[in-house]
Amino acid sequence: MRDAYHEELDSISDSLVEMARLVGSAIGRATTSILDSDLKLAESVIEADQKVDDLQHDLEARAIALLARQQPVATDLRIVVTSLRMSADLERSGDLAQHVAKLTRLRYPERAIPHDLHATILEMGQLAQRLMAKAAEVIVTKDVDLALQMETDDDAMDLLHRTLFQHLMDERWKHGIETAVDVTLLGRYYERFADHAVAVAKRVVFLVTGEHADNLQQDIAAVKGVEGV
């Protein structure tokens, strides 16, 4: 019975990894769709989000069944509860990738993004994909150090987000209000996607250590401060 129980816990972790890989792929393909105004690719991203939703619903059902049957405590309880929260972050990430693809569809056959912003959007899309790949790796390896590093990686996304706003506020902006709204929304989608990837990693930190990532980072900083004295 215990072997079957732990196999179920492992299968929940496997589902989380699959979700992370799916939404990472989705944000990459959605980025290509919006930069190339590729309607077919955008539609494939929109349709594929259903698989992410199905995985989340299945994971929730299995997790709730485990809670009811096994009544886990301590670490096992943390695994189940944290997995439920991670699945919500990943499902929301899939929605954000879908939003990018829907913006492609909305503006097709026109391009939603001006050429002078292509490089920034491409970098945001690539960074979002890398962050989610790291989140998947953290789920698999339970690497606390790697998880804590993702906060720094997210700073790069925040910087890119600010770069978009600098373009929008520039008096030389010539692309109109509609495009400005599109760019504002798009920047928010990528920024929130990155936040969810970091949140997944932070939840793994809690799962492994029983401590919240922010508190653990403060403790590490305090120890380094003492060592530097």
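The residues of the chain are indexed from 1 along the displayed sequence. The figures here come from the full heavy-atom set of this structure, side chains too, leaving out hydrogens, waters and symmetry mates.
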Set of salt bridge (charged side-chain N to carboxylate O under 4.0 Å, His left out) partners for Lys102, sequence neighbours left out
none
Taken in chain and number order and not counting sequence neighbours, the residues that satisfy salt bridge (charged side-chain N to carboxylate O under 4.0 Å, His left out) with Asp58 are Arg62
Quick one: side-chain hydrogen bond (donor to acceptor under 3.5 Å, both in side chains) pairs with a partner in residues 23-37, sequence neighbours left out?
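Checked against side-chain hydrogen bond (donor to acceptor under 3.5 Å, both in side chains) - neighbours excluded - the pairs reaching residues 23-37 are Ser25-Arg29, Arg29-Ser44, Thr31-Tyr190, Ser33-Thr104.
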Should Val183 and His167 be marked as a side-chain contact (heavy atoms from CB on, under 4.5 Å) after you check the CA-CA gap, both sets of side-chain angles, and the distance that decides it?
CA-CA 10 Å; Val183 170; His167 280 279; over 6 Å; no
How far apart are the C-alpha atoms of Ile27 and Leu96, what are their side-chain angles, what is the distance that settles it, and do they pass the side-chain contact (heavy atoms from CB on, under 4.5 Å) test?
CA-CA 8 Å; Ile27 197 67; Leu96 291 163; 5.6 Å; no
Glu151: side chain to side chain donor-acceptor pair (under 3.5 Å) partners, not counting sequence neighbours
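For Glu151 the side chain to side chain donor-acceptor pair (under 3.5 Å) partners, ignoring immediate neighbours, are Lys202.
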Under the side chain to side chain donor-acceptor pair (under 3.5 Å) test, residues paired with Glu43 that sit two or more places apart
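Partners of Glu43 by the side chain to side chain donor-acceptor pair (under 3.5 Å) criterion, ordered by chain and then number, come out as Arg105.
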Donor-acceptor pair, side chain of Ser13 and main chain of Leu9, under 3.5 angstrom
no
Could you list all the ring-ring contact (aromatic ring centres under 6.0 Å, His included) pairs where at least one residue sits in [range], not counting sequence neighbours?
range	answer
residues 169-188	Trp173-His175
residues 124-155	none
residues 53-111	His99-Tyr189

Ring geometry between His115 and His118 (parallel below 30°, tilted from 30 to 60°, perpendicular above 60°):
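Answer is tilted, since the angle falls between 30° and 60°.
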If you define the side chain from C-beta out and look only at heavy atoms, does anything of Val45 sit under 4.5 Å from Asp49?
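Not touching, per the 4.5 Å side-chain cut-off.
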Would you mind listing every salt bridge (Lys or Arg N to Asp or Glu O under 4.0 Å) that reaches into residues 89-98, with sequence neighbours excluded?
Asp89-Arg203, Arg92-Asp95
Going by salt bridge (Lys or Arg N to Asp or Glu O under 4.0 Å), name the pairs with one or both residues in residues 152-168, residues two or more places apart or in two chains.
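Every salt bridge (Lys or Arg N to Asp or Glu O under 4.0 Å) pair that includes a residue of residues 152-168, provided the two are not neighbours, is Lys134-Asp153.
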Hey, could you give me the [atom1]/[atom2] distance between [X] and [Y], rounded to the nearest 0.5 Å?
X	Y	atom1	atom2	answer
Met157	Asp195	CE	CG	9.0 Å
Ile12	Leu66	CD1	CG	5.0 Å
Ile113	Leu186	CD1	CG	4.5 Å

With a cut-off of 3.5 Å and sequence neighbours excluded, list every side-chain donor-acceptor pair involving residues 123-132.
none

Got more than 12 heavy atoms from elsewhere within 6.0 Å of [atom1], [X]?
X	atom1	result
Arg78	CZ	yes
Leu159	CG	yes
Arg69	CZ	yes

Pair Gln50, Asp54 - check side-chain hydrogen bond (donor to acceptor under 3.5 Å, both in side chains), show working.
CA-CA 6 Å; Gln50 185 60 50; Asp54 291 343; 2.8 Å; yes
Decide yes or no on side-chain contact (heavy atoms from CB on, under 4.5 Å) for Leu160 and Glu191, but give the supporting numbers first.
CA-CA 9 Å; Leu160 289 167; Glu191 190 251 348; over 6 Å; no
Check the pair Leu90, Val52 against side-chain contact (heavy atoms from CB on, under 4.5 Å), reporting the backbone distance first and the verdict last.
CA-CA 8 Å; Leu90 293 168; Val52 176; 5.6 Å; no
Regarding Asp170 and Gln166, do their side chains bring together a donor and an acceptor under 3.5 Å, going by distance alone?
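Side chains of Asp170 and Gln166: no pair found under 3.5 Å.
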In the hydrophobic clustering (ILVMFWY, side-chain contacts below 4.5 Å, transitive), which residues join Met169, or is it alone?
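So far as hydrophobic clustering goes, Met169 is joined with none.
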